[in-house]
Amino acid sequence: MSFFIGIDLGTSAVKMLLINESGEILKTVSKEYPLYFPKPNWSEQNPEDWWKAVCEGLEQLTDGLNKADIKGIGVGGQMHGLVMLDENGSVIRPAILWNDTRTGKQTDYLNNVIGKERLQQLTGNIAFAGFTAPKILWVKENEPEAFKQCRKICLPKDYINYKLTGVFATDVSDASGTLYFDVKNRKWSEEMLGIIGIDVSFLPKVFESYEVIGKTELFGLDCPVIAGAGDNAAAAVGTNTLSEGLCNISLGTSGTVFVPTDNFVFTKNPALHSFCHANGKYHLMGCILSAASCNKWLNETVFEAEYNVGGDDLGAPQTELYFLPYLSGERCPHNDPYVKGAFIGLTHATKREDMQRSVFEGVSFAIKDCISLCQNNIKTATVCGGGTKSKALMQILSDILNIELSVIDNEGPAFGGALLAAGIKKTPLIKYTVSPDRALNEIYEKKYKKYKTLYPALKDFYKED
């Protein structure tokens, strides 16, 4: 019997699983690590915390196994994070994460001085505050001593692969989110590297997600490690979202809409990402920065209660209560790091369950914003991530999108990483399906039109002077 390990380096924890050669999940392990917010709009983690958690998790996951039976490891992970290493491969400063929005100035420079059209020509995408390139410019400007020490720049999951194998490598799907990768031609953009002022020698070698980069001999193992994938591409492998016409929605800390394409697509709306897929092709992706995390915030911070995934009975839609889920700014469709979240329409009669439902509606409307940009006539979608624990959210999402949703029973990116390592495809197990209520969809269509007017009305209120 052969076994394969999948690793998902998430924002709050690393999740690992073990599958057999048939793709059956045999064991799972999760290890949490800290997330730091040292200043407003900052979000950081210590890469050494990731590595410690991975080491502990691998020891636990492989305990009792014949290590010779483990035939491969695949890592998926949070995208866009800036990991800077010195000449000895040691971490210079905390990693700046995907949901860090300190780079408003640098993002504006790239979009408005270099120009969105030029950025799209070079990379396939425009600048977003969470992308890696603006982070590099921020460090150069604000921490020049740290930048002087830097000899290697990589993404979070690539740091784990580097520690596992000693090989400095990345994959095309994760590299797509840096803004210095030529997505169409699947290689680093030399002109873009010149714009941000780094040498290609700082960067890892680029592989396809399924290619072997080296092997690990740690933890008693002796097995190949593949390049792996960014978390959304890995999740798409885990949900079998590999062909045109399919769609996967991920509801974790952030939320994404993932639509595969056979060929590179130059998007008409640059708020939609055009990235490389883990299967050698491409995909479109819309990302909202706060999804299931909005529910966690509502319960733990506002209500000071234990985390509640949301009851099944939240009453009827509140036609006058709206929630904007911009707790970390927003990426798609607004590309606005300054905007904030908001409840609109609160009254003395507003109850806790009204606010809960409004949060679910706001997240679902934001997902609808992303899907509307894809223009792929999406009829059904799979859904994965922590948000699927709430059947109320799933029903509201289905009603608002007016499509059938299939909730997936797997560990998302970790499962995709393991499948990539095993070189197999697997039809995902469906926990349950949700069909839209057509009558409620009519109500939500009217509410969505009003929702669309709220961001334009509020966007200038939050702009920095």
Side-chain angles (χ1 to χ4, degrees), residues 4-19 23-32 50 53-54 57 61 73-81 98-99 155-157 160 171 173-174 177 209-210 226 228-242 246-260 275 277-279 283 285-288 291-293 295-296 309 363 367 381-390 393-394 397 405-422 424-432:
F4 301 88
I5 293 172
I7 300 175
D8 172 22
L9 190 74
T11 309
S12 58
V14 62
K15 299 175 183 177
M16 306 180 178
L17 54 78
L18 186 75
I19 68 171
E24 297 174 288
I25 299 175
L26 306 176
K27 187 177 181 180
T28 62
V29 171
S30 181
K31 298 288 181 181
E32 295 184 351
W50 301 334
V54 168
L61 190 69
I73 298 175
V75 185
Q78 49 171 299
M79 298 178 67
H80 313 303
W98 59 271
N99 56 349
L155 298 159
K157 70 108 171 57
I160 300 305
D171 86 291
S173 71
D174 214 359
S209 301
Y210 46 79
I226 62 161
D231 53 2
N232 291 291
V237 173
T239 58
N240 205 30
T241 312
L242 301 171
L246 300 179
C247 174
N248 182 61
I249 299 170
S250 178
L251 295 175
T253 302
S254 62
T256 58
V257 172
F258 189 106
V259 178
F275 286 170
H277 201 339
N279 63 349
H283 71 91
M285 187 172 76
C287 177
I288 64 172
S293 55
N295 191 38
K296 184 177 178 68
V309 297
V363 170
I367 291 292
T382 53
V383 192
C384 64
T388 63
K389 295 176 182 177
S390 171
L393 173 56
M394 291 303 96
L397 182 64
L405 302 177
S406 296
V407 178
I408 299 300
D409 186 16
N410 70 39
E411 297 296 323
F415 187 52
L419 292 178
L420 284 167
I424 60 175
K425 295 180 182 180
K426 179 77 173 179
T427 301
L429 297 175
I430 306 297
K431 283 185 182 178
Y432 60 90

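Heavy atoms only: backbone and side chains are in, while hydrogens, waters and symmetry mates are out.
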Could you tell me which residues satisfy side chain to side chain contact (heavy atoms under 4.5 Å, CB included) with Ala422, sequence neighbours excluded, listed by chain and number?
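If we apply the side chain to side chain contact (heavy atoms under 4.5 Å, CB included) test to Ala422, skipping adjacent residues, the hits are Phe4, Ile19, Ile424.
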Apply side chain to side chain contact (heavy atoms under 4.5 Å, CB included) to Ala233 and list each qualifying residue two or more places apart in sequence or on a separate chain.
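So Ala233 forms a side chain to side chain contact (heavy atoms under 4.5 Å, CB included) with Ser173, Ala229, Phe258, His277, Ala278.
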Does some side-chain heavy atom of [Y] sit less than 4.5 Å from a side-chain heavy atom of [X]?
{"X": "Thr388", "Y": "Met394", "result": "yes"}
{"X": "Val363", "Y": "Asn295", "result": "no"}
{"X": "Ile5", "Y": "Leu17", "result": "no"}
{"X": "Asn248", "Y": "Cys384", "result": "yes"}
{"X": "Ile288", "Y": "Ile367", "result": "yes"}

May I ask you to say whether Lys157 pairs ionically with Asp231, meaning some side-chain N is under 4.0 Å from a carboxylate O?
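So Lys157 does not pair with Asp231 through a salt bridge.
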Give, for atom SG of Cys247 and atom CG of Leu405, the distance between the pair rounded to the nearest 0.5 Å.
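Answer for the SG-CG pair, Cys247 versus Leu405, is 9.0 Å.
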Looking at every heavy atom in both Leu242 and Ala236, which two are closest together, and how far apart are they?
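It is CD2-O, 4.3 Å.
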Which heavy atom of Gly74 sits nearest a heavy atom of Ile226, and at what distance?
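In terms of heavy atoms, the two residues are closest at CA-CG1, 3.6 Å.
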Are any side-chain N or O atoms of Ser390 and backbone N or O atoms of Gly387, one a donor and one an acceptor, separated by less than 3.5 Å?
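Such a contact is absent between Ser390 side chain and Gly387 backbone.
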N/O donor-acceptor pairs under 3.5 Å from side chains in residues 6-16, not counting sequence neighbours:
from  : atom 1 : to    : atom 2 : distance (Å)
Thr11 : OG1    : Trp98 : NE1    : 2.9

